[in-house]
Amino acid sequence: MGKAQTHASGLFAEKVIDAVARNKAVIIEPSWWKIFWLINRLSPSLGISLAEKRFRANVKALSAE
């Protein structure tokens with residue numbers, strides 16, 4: 001595990017622990033994932049569709065390597 005990754009995981013843990021201490025009902029970290037959470041909450045079928053497209057793109061990219 002690299003130094004940057006260790007720092008990132010430590011920062012992640014700090015943010016989550018702070019959110020728990022503030023008694024937040026929903027904790028989403030990293031914060032840019034909130035858009036995906038919101039899409040899934042508003043339209044689960046859209047969230048599934050976007051996830052499937054992303055999955056297919058990842059499989060295609062991995063098979064091209």
Side-chain angles (χ1 to χ4, degrees):
M1 185 180 298
K3 193 173 192 174
Q5 191 174 16
T6 303
H7 176 69
S9 60
L11 183 60
F12 174 85
E14 285 179 29
K15 287 182 176 184
V16 170
I17 290 170
D18 288 344
V20 170
R22 287 182 277 133
N23 203 25
K24 287 186 71 176
V26 177
I27 301 169
I28 302 169
E29 282 297 330
S31 59
W32 58 269
W33 274 88
K34 289 179 184 174
I35 189 67
F36 297 109
W37 174 79
L38 183 61
I39 289 169
N40 230 15
R41 292 284 294 172
L42 295 174
S43 176
S45 59
L46 177 59
I48 291 169
S49 176
L50 291 173
E52 287 174 343
K53 285 181 183 179
R54 188 70 217 151
F55 177 76
R56 281 191 224 108
N58 286 344
V59 168
K60 186 176 180 180
L62 288 172
S63 65
E65 291 180 0

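In this text the structure is predicted, and so the values were computed from the model without any measurement.
- Note on I35 and I48: separate hydrophobic clusters, where clusters join Ile, Leu, Val, Met, Phe, Trp and Tyr whose side-chain heavy atoms are under 4.5 Å apart, directly or indirectly.
- Take W33 and apply the ring-ring contact (aromatic ring centres under 6.0 Å, His included) test, not counting sequence neighbours, and it matches F36.
- Applying the side chain to side chain contact (heavy atoms under 4.5 Å, CB included) criterion to L38, with sequence neighbours excluded, gives L42.
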For residues 57-65, please give each side-chain donor-acceptor pair under 3.5 Å, one per line with the distance, not counting sequence neighbours.
residue : atom : partner : partner atom : Å
N58     : OD1  : R54     : NH2          : 3.0
S63     : OG   : V59     : O            : 3.2
S63     : OG   : K60     : O            : 2.9

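- Residue D18 holds its CG atom at 9.5 Å from CD of E29, rounded to the nearest 0.5 Å.
- Under the side chain to side chain contact (heavy atoms under 4.5 Å, CB included) criterion, I27 pairs with V16, A19, V20, K24, not counting sequence neighbours.
- With sequence neighbours left out, S49 forms a side chain to side chain contact (heavy atoms under 4.5 Å, CB included) with K53.
- In this structure, R22 has no salt bridge (charged side-chain N to carboxylate O under 4.0 Å, His left out) partners at least two apart in sequence or on a different chain.
- Note on I28: it does not cluster hydrophobically with L11, by side-chain heavy-atom contacts below 4.5 Å among ILVMFWY residues.
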